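What you are looking at is a predicted structure, and each value in this text was computed from that prediction instead of being measured. Residue numbers count from 1 along this sequence.
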Amino acid sequence: MTRTDDHKTDDTGPSGYAAARLHLLNEGARSGPPRRTALAGLTDDWLTGLFTAAAPTAKGISLVAVGGYGRGELSPRSDLDLLLLHDGSDPAAVAALADRLWYPVWDLGISLDHSVRTPAEARKTAGEDLKVQLGLLDARHLAGDLGLTAGLRTAILADWRNQAPKRLPELQELCAERAERHGELRFLLEPDLKEARGGLRDATALRAVAASWLADAPREGLADARRRLLDARDALHLVTGRATDRLALQEQDQVAAELGLLDADALLRQVYEAARVISYAGDVTWREVNRVLRARAVRPRLRAMLGGGKPVAERSPLAEGVVEQDGEAVLARTARPERDPVLPLRAAAAAAQAALPLSPHAVRRMAATARPLPTPWPAEAREQLITLLGSGRPTVDVWEALEAEGLISRLLPDWERVRCRPQRNAVHLWTVDRHLIETAVRASALTRRVSRPDLLLVAALLHDIGKGWPGDHSVAGEIIAKDVAARLGFDRADVGVLATLVRHHLLLVETATRRDLDDPATVRAVADAVGSESTLELLHALTEADALATGPAAWSTWRGSLVSDLVRRVSAVLAGEHPGTEPEPAAPTAEQERLAIEAHRTGGPVLTLRAQPEPGPPEESAETGEPLGVELVIAVPDQPGVLPALAGVLALHRLTVRTGGLRTLRLPDDVDDDGSVLLLDWRVAAEYGSLPQASRLRADLVRALDGSLDITSRLAERDAAYPRRRGRAAPPPRVTVAPAASRHATVIEVRAQDAPGLLFRIGTALEKAAVRVRSMHASTLGANAVDAFYVTSGTGAPLPPEDAAATARVLEEALRA
């Protein structure tokens with residue numbers, strides 16, 4: 001490899017190389033593969049000069065580049081992988097030469113991975129260490145005895161091919177362990193471009209498999225995917241000035257700009273697309289490796305049984321034009337994709353139903369020859385799509401096989417906008433496209449709960465399709481869903497239902513967790529939006545599937561019980577059982593009533609603090625309930641300042657509020673016909689350490705209510721005693737007034753980053769605004785707090801619109817401070 005003349009220097013010392021290297025890296029006209037090639041060539045010339053100056057007549061010794069440097073892929077901050085190869089005839093001369101080579105590299109601060117070995121030692125080390133062997137597969141001669149280097153390369157490749165049946169399973173296990181440690185590159189917000197699954201290490205592993213001659217990776221798009229990851233790593237090195245492979249959030253915009261991309265999302269999408277290609281190639285390659293190894297193990301026995309004849313592969317039919325062979329779904333010999341436009345969907349559905357991978361050769365053939373489906377789709381095509389979506393977990397691999405050859409975007413053009421689209425939300429585990437498939441997988445387990453499973457599965461596939469467009473994704477998705485549903489061949493009524501499901505796929509969970517379900521206006525609003533009991537049934541199942549597919553923080557038995565309660569109430573309205581005009585709160589439990597009476601009698605707070613699993617179905621045992629924290633029930637005579645006092649006390653005791661409810665409880669007539677008590681039913685968890693005693697909580701709450709405990713100062717002192725933790729800047733808080741959410745109160749909704757003392761700050765701000773909190777519904781989802789407060793004026797009436805807006809502004813300013 002030779003560098004260009006414009007970077008040539010007569011100085012083989014570190015200063016000349018450093019200057020030429022700096023000039024090359026700052027040269028804006030050259031980037032990507034040309035810059036990597038030029039940098040490797042520049043480094044080759046420098047090291048060759050060092051070698052020649054130190055050993056001008058050396059025999060039986062050579063300098064060899066291995067690993068990434070051997071492939072000529074030097075990123076700006078890459079380390080140099082070098083092997084000083086010698087025949088063992090003069091160890092002292094070799095040691096002296098090594099010093100003359102390594103020290104100039106170290107003097108420049110360049111990381112160096114070096115070794116000094118004879119060919120026999122190199123082969124022995126490679127046989128013991130798989131990583132060494134992988135590096136030597138890319139060995140490239142730099143200087144010295146060319147024959148020595150060529151001999152080692154020949155021997156290493158021969159060893160690798162001879163030992164492939166043993167070493168390839170070891171390499172596959174190494175890849176799997178690395179994926180377990182570093183995760184899936186295409187779903188991570190801060191991916192490791194090298195180590196994560198689908199990254200550069202996996203691309204190198206695929207090269208090693210190809211070098212074994214045992215199997216080969218799908219080549220379509222693989223080189224381009226690898227190039228894109230290398231380009232991203234180059235830009236990351238230049239932006240950070242460090243040899244890092246992790247694409248941290250705070251550096252993504254700069255890396256995107258270095259690559260000429262619009263923004264960080266465009267960067268992540270490009271990286272994810274590259275990782276998807278490499279991951280899919282890896283899946284196919286390792287499946288082929290295992291198939292070949294199994295065949296090799298079985299073939300001698302078969303030959304003995306068949307008298308030496310060649311065994312015939314069994315082919316069993318799966319569907320029209322689709323058969324099973326060697327553990328894959330392949331096309332039948334009579335299949336004619338060019339005459340059968342439904343074949344891709346039929347083959348995919350058959351493979352998923354049989355839990356078989358879809359042969360990449362079959363997918364490639366169908367992508368190349370199948371005719372497009374007519375519009376609207378024939379009924380068979382629609383049924384095959386629904387069958388595919390309803391196949392559960394196997395749907396994922398089959399869908400990705402279709403995706404790899406562009407068939408999904410051809411079938412559903414709107415898919416292109418959500419493909420590999422990142423979701424910058426810690427609650428979400430997946431990109432938008434994968435989330436949609438995961439939702440369909442989850443929905444497939446709920447099809448027995450609905451009368452129209454086809455609509456449920458298609459709604460699951462389309463519910464976030466609007467995230468590829470600006471604005472509210474539910475609104476955009478409704479429009480797209482209408483178009484897609486009509487194209488799929490659904491009738492007008494079904495198109496309307498699918499559009500409603502997409503438009504309102506967040507309605508149930510948002511209402512159940514943020515609104516007062518005892519308020520008739522809440523239930524009526526949901527009933528009006530849904531329109532029918534059959535649509536409500538579908539929306540209920542879609543809500544659960546969507547949440548389960550989002551991530552573990554998005555769904556729980558408790559959250560499910562709230563949604564089920566809302567669905568029951570809405571169903572009653574849709575069935576004609578209209579609620580009264582005044583809210584009718586649920587009757588207090590015997591314990592709550594006891595606490596309220598005790599609080600009224602003593603004139604102070606009364607509380608209980610105990611662990612309690614989330615409510616589950618009656619048949620569930622206590623062990624299967626999901627602990628959401630500890631239940632804290634407090635009764636306190638109705639008075640100002642209760643919310644900030646309790647929230648502040650909990651913050652002082654390092655208790656995190658998972659959920660919180662507040663309401664006014666009327667006392668029984670035989671106790672006090674005019675008396676009322678505030679009842680707070682919260683779930684809390686210790687930030688760390690053990691839970692405080694209930695008596696300590698009560699004592700501090702009494703002091704907070706009478707003003708003798710200065711919570712603000714105590715929290716400030718504690719915060720000052722601990723250094724601030726660095727992290728990415730959270731989005732600013734947002735406070736809104738929900739229009740027409742209740743006839744009896746003004747609903748103020750707060751969305752903010754969860755933090756110690758957040759609820760205390762909210763309660764304090766509401767107290768200063770001279771509004772009364774009639775009821776409250778607080779929840780924490782991942783790192784986000786979503787709280788709704790039903791507030792009234794001092795007379796108990798909803799706030800006038802201008803006062804409500806002013807209160808929201810004051811609260812938002814307090815949270816931003």
Side-chain angles (χ1 to χ4, degrees), residues 25 31-33 35-37 39-40 67-81 111 113 131 134-135 138 174-208 217 221-283 419-424 429-431 434 728:
L25 295 181
S31 62
R35 181 169 58 198
R36 287 191 289 275
T37 300
L39 182 56
Y69 181 29
R71 294 188 296 273
E73 296 172 347
L74 275 187
S75 291
R77 294 288 176 172
S78 289
D79 57 356
L80 298 181
D81 293 334
S111 296
D113 188 354
K131 293 180 181 179
L134 294 176
D138 292 309
L174 192 68
C175 292
E177 290 174 353
R178 188 173 63 251
E180 184 69 24
R181 288 195 308 273
H182 297 279
E184 185 96 4
L185 194 157
R186 58 183 172 148
F187 302 131
L188 297 171
L189 284 176
E190 293 187 303
D192 189 307
L193 299 173
K194 190 174 184 179
E195 303 291 344
R197 183 173 183 268
L200 292 168
R201 289 277 194 205
D202 281 344
T204 301
L206 293 178
R207 287 169 55 91
L222 189 57
D224 185 62
R226 193 161 169 274
R227 177 189 64 78
R228 287 178 181 273
L229 292 185
L230 287 169
D231 288 352
R233 184 174 69 170
D234 286 0
L236 181 61
H237 284 190
L238 290 173
V239 164
T240 63
R242 295 181 287 109
T244 179
D245 298 308
R246 183 169 296 282
L247 196 55
L249 288 171
Q250 64 268 22
E251 287 141 6
Q252 289 174 8
D253 281 315
Q254 292 175 275
V255 172
E258 180 71 27
L259 292 172
L261 298 173
L262 180 63
D263 55 22
D265 278 0
L267 168 67
L268 279 186
R269 192 174 187 189
Q270 182 170 286
V271 166
Y272 290 167
E273 287 173 341
R276 180 186 60 80
V277 171
I278 295 172
S279 294
Y280 175 71
D283 291 341
R419 184 170 57 83
C420 294
R421 182 170 292 276
Q423 303 201 76
R424 294 186 176 275
L429 295 179
W430 315 105
T431 51
R434 179 60 181 271
R728 81 177 187 92

Participant: In a check of side chain to side chain contact (heavy atoms under 4.5 Å, CB included) between Leu236 and each of Asp234, Thr240, Leu238, which one passes?
Facilitator: Thr240
Participant: Which heavy-atom pair separates Gly68 from Asp81 by the least distance, and what is that distance?
Facilitator: N-OD2, 4.1 Å
Participant: Taking the side chain from Tyr272 and the backbone from Arg419, do they hold a donor-acceptor pair closer than 3.5 Å?
Facilitator: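 Checked: no pair found.
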Participant: Quick one: are Leu267 and Leu247 in side-chain contact, heavy atoms under 4.5 Å?
Facilitator: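 Side-chain contact under 4.5 Å: yes.
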Participant: Got a second to check how far Trp430's CH2 is from Arg186's CZ, nearest 0.5 Å?
Facilitator: 8.5 Å
Participant: Nearest 0.5 Å, what's the CD-CG distance between Gln252 and Leu261?
Facilitator: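 CG of Leu261 is found 11.5 Å from CD of Gln252.
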Participant: Is there a side-chain contact between Leu74 and Arg36 (heavy atoms, below 4.5 Å)?
Facilitator: no
Participant: If you round to the nearest 0.5 Å, how far is CG of Asp231 from CZ of Arg35?
Facilitator: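 Output value for this atom pair is 8.0 Å.
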Participant: Could you report the tightest heavy-atom contact between Asp202 and Cys175, atom names first, then the distance?
Facilitator: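 In terms of heavy atoms, the two residues are closest at OD1-SG, 3.8 Å.
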Participant: Just how far is it from atom CG of Leu429 to atom CZ of Arg434, taken to the nearest 0.5 Å?
Facilitator: 10.0 Å
Participant: What's the verdict on side chain to side chain contact (heavy atoms under 4.5 Å, CB included) for Leu185 and Val271, showing C-alpha distance, side-chain angles and the deciding distance?
Facilitator: CA-CA 8 Å; Leu185 194 157; Val271 166; 3.2 Å; yes
Participant: Quick one: which residue pairs count as a side-chain hydrogen bond (donor to acceptor under 3.5 Å, both in side chains) with a foot in residues 255-269, not counting sequence neighbours?
Facilitator: Asp265-Arg424
Participant: If every non-hydrogen atom of Leu268 is compared with every non-hydrogen atom of Pro191, which pair is closest and at what distance?
Facilitator: CD2-CD, 4.3 Å
Participant: Hey, is CZ on Arg201 packed in by over 12 heavy atoms from elsewhere, all under 6.0 Å?
Facilitator: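 Incorrect, the count does not exceed 12.
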Participant: Find the distance between CZ (Arg246) and CD (Glu190) and round it off to the nearest 0.5 Å.
Facilitator: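 Result: 7.0 Å between the selected atoms.
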Participant: Check side chain to side chain contact (heavy atoms under 4.5 Å, CB included) between Asp245 and all other residues, then give those that pass, not counting sequence neighbours.
Facilitator: Asp192, Lys194, Arg233, His237
Participant: Does Glu177, at its CD atom, have more than 12 non-hydrogen atoms belonging to other residues, nucleotides or ligands within less than 6.0 Å?
Facilitator: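 It does: Glu177 CD has more than 12 such atoms within range.
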Participant: Mind checking the CG-CZ spacing from Leu222 to Arg226? Nearest 0.5 Å is all I need.
Facilitator: 8.0 Å
Participant: Closer than 3.5 angstrom, by distance alone: can the side chain of Ser279 be matched with the main-chain N or O of Arg276 as a donor-acceptor pair?
Facilitator: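 The answer is no, because no donor-acceptor pair under 3.5 Å joins these two groups.
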